[in-house]
Amino acid sequence: MGKQAIILGLESSCDDTAAAVVRVTAAGPAQIMSSVVAGQDQLHAPYGGVVPEIAARAHTEKLDSCIKQALTKAEIRLSDVDAIAVTAGPGLIGGVLAGVMCAKGLSAAIGKPLVGVNHLAGHALTPRLTDGLSYPYLMLLVSGGHCQFLIVRSHQDFSRLGGTIDDAPGEAFDKTARLLGLPQPGGPSVEAQAARGDPARFTLPRPLLDRDDCNMSFSGLKTAVLRARDGLVAQKQGLTRQDRSDLCAGFQAAVTDVLAAKTRKALAIYRDEAPREPSFAVAGGVAANRAIRSKLESVCVEFSTRFVAPPLALCTDNAAMIAYAGGLQFLAGQSDDLTLSARPRWPLDRSQPALLGSGRKGAKA
Ligand code: KG4
Ligand code: ZN
């Protein structure tokens, strides 16, 4: 079985406060002993988006109780932990700082090592935690704050093939829902309406499909929905239920087409490396969308590549992924000291230029 360690992980980079305990093995599978997530949706709902200052204060208030619950559920004491892993970026700086300061305090108090983890590495390594994918695998992170293709070669070797240059797809779903008067989060409400709609009634753009790279753009699509909505309102002073469903279906079809076309390009690049066990994983809240998921699955069939979508609770922000990524670092002999700093930006692949977009939840890479 090899070396193993029990890791306490902390996550507070956006609007979820989370703590988890994971038993990590250097080469083999890991065991999630507990995973606790306290969301902040209700705190931010009146403002229509995440308010960084409110998020940071809520993290400071909630971290202690999340840690206590995680230890209780794992049936261990703090002193049983071998190391403390914490998201040290990228993300909203107040929240990241809250987690890093808490982890430093715990580390100093119990004399156990501290490991700073890149939040995106946590997401990118999740398919290995949940499905034991072997390196290298291709990953699409697609949520309200992220959208990028990564080839994952090891716990510290990631190549970014491309990503969104403006909004993340989840953000576009949320904005579309707002434009059409549908409830938040927009993804599930747009998906539900789209099921009754005609995707061909409105011609909506598929941005950047003419470019031979893996970059994407979603903000123009939202503007096209706005124009189509305004056109209908001007014509007949309002939207019918069918208009709404057709707009949702058209929007969802456009996002699906863009993600599928760019996944084909990314898979072609990845398959050129002749991976031993070709695998593609999709993670993030948007991976919950059935139309998108099944389209990506069929693209993988075209490329004779295994398709994996980890359970949603581990696709969205959580601390088990941070404990796991931190555990792999720790077992490889990597840890930090009390000079560990919180970083608002922290690209996983430093060889690539920064993407232009920052997304609703702040700059990610
Ligand atoms: O990963 P996540 O929980 O949080 C971050 O953004 O980090 O993703 C949330 C996003 C929201 O924008 C939400 O509208 C979107 O994922 N989402 C969906 C669906 N369920 C959630 N988008 C499309 N279809 C869905 N069924
Ligand atoms: Zn995330």
Side-chain angles (χ1 to χ4, degrees), residues 9-18 37-41 44-45 48-50 55 87-92 95-96 99 117-126 139-148 150 163-164 167-180 182-195 197 218-219 221-222 248-249 251-256 258-259 281-296 309-322 324-325 344 346 348 357-365:
L10 307 182
E11 157 62 35
S12 57
S13 66
C14 188
D15 57 349
D16 290 302
T17 315
V37 180
Q40 304 178 351
D41 282 354
H44 302 290
V50 178
T87 299
L92 300 173
V96 180
V117 175
N118 183 311
H119 176 86
L120 297 170
H123 279 302
L125 293 165
T126 298
M139 173 92 203
L140 169 61
L141 273 182
V142 62
S143 69
H146 324 285
C147 183
Q148 52 185 291
L150 293 164
T164 182
D167 292 355
E171 191 176 5
F173 268 96
D174 295 341
K175 287 179 180 167
T176 295
R178 215 165 291 137
L179 288 175
L180 300 177
L182 299 170
Q184 296 292 320
S189 27
V190 169
E191 182 177 13
Q193 293 290 323
F218 296 97
S219 74
L221 188 51
K222 161 206 76 197
C248 287
F251 167 81
Q252 182 173 280
V255 174
T256 306
V258 171
L259 290 174
V282 60
V286 180
N289 186 288
R290 272 158 297 202
I292 293 175
R293 196 188 269 243
S294 72
K295 182 74 182 186
L296 295 178
L312 203 60
L314 293 170
C315 277
T316 53
D317 287 350
N318 67 87
M321 67 180 190
I322 302 303
Y324 179 63
W346 187 359
L348 266 186
S358 61
R360 162 169 57 97
K361 295 177 176 177
K364 290 291 181 186

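From a predicted model like this one, the values you see are computed outputs, not experimental measurements. Both counts, for ligands and for their atoms, begin at 1 and track the order of listing. All values below were derived from every heavy atom in this structure, side-chain atoms included, with hydrogens, water molecules and symmetry-related copies excluded.
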Can you tell me if Gly145 contacts ligand 1 (heavy atom of the residue under 4.0 Å from the ligand)? yes
Less than 3.5 Å between some nitrogen or oxygen of [X] and one of ligand 1, yes or no?
X: Gly170; value: yes
X: Gly144; value: yes
X: Gly187; value: yes
X: Gly285; value: yes

Can you sort out the partners of Ser219 under side-chain hydrogen bond (donor to acceptor under 3.5 Å, both in side chains), two or more places apart, ordered by chain and number? Asp166
According to side-chain hydrogen bond (donor to acceptor under 3.5 Å, both in side chains), who are the partners of Lys295, at least two apart in sequence or on a separate chain? none
Does some side-chain heavy atom of [Y] sit less than 4.5 Å from a side-chain heavy atom of [X]?
X: Gln40; Y: Thr17; answer: yes
X: Gln148; Y: Leu120; answer: yes
X: Asp16; Y: Asn318; answer: no

For atom 11 (C) of ligand 1, the option (of Asp174, Asp16, Asn318) bearing the nearest heavy atom: Asp174
Out of Thr316, Val142, Asn289, whose heavy atom is nearest to atom 3 (O) of ligand 1? Thr316
With carbon and hydrogen excluded and only N/O/S kept, which atom of Asp317 is nearest the Zn ion (ligand 2)? OD1
What N/O/S atom of His119 gets nearest to the Zn ion (ligand 2)? NE2
What are the two closest heavy atoms between Pro90 and Ser13, and how far apart are they? O-CB, 3.8 Å
Show the atoms of ligand 1 that are less than 4.0 angstrom away from any heavy atom in Gly186. 14 (O)
Under 4.0 Å from any heavy atom of Glu191, which atoms of ligand 1 are there? 25 (C), 26 (N)
Check for a donor-acceptor pair, side chain of Ser189 on one end and backbone N or O of Pro183 on the other, with a separation under 3.5 Å. yes
Between Asp174 (side chain) and Pro185 (backbone), is there a donor-acceptor pair under 3.5 Å? no
Is there an N/O/S atom in His146 that lies less than 2.8 Å from the Zn ion (ligand 2)? yes
Step by step, would you call His119 with His146 a side chain to side chain contact (heavy atoms under 4.5 Å, CB included)? CA-CA 11 Å; His119 176 86; His146 324 285; 3.7 Å; yes
Going by the 4.0 angstrom heavy-atom rule, the piece of Asp317 near ligand 1 is side chain
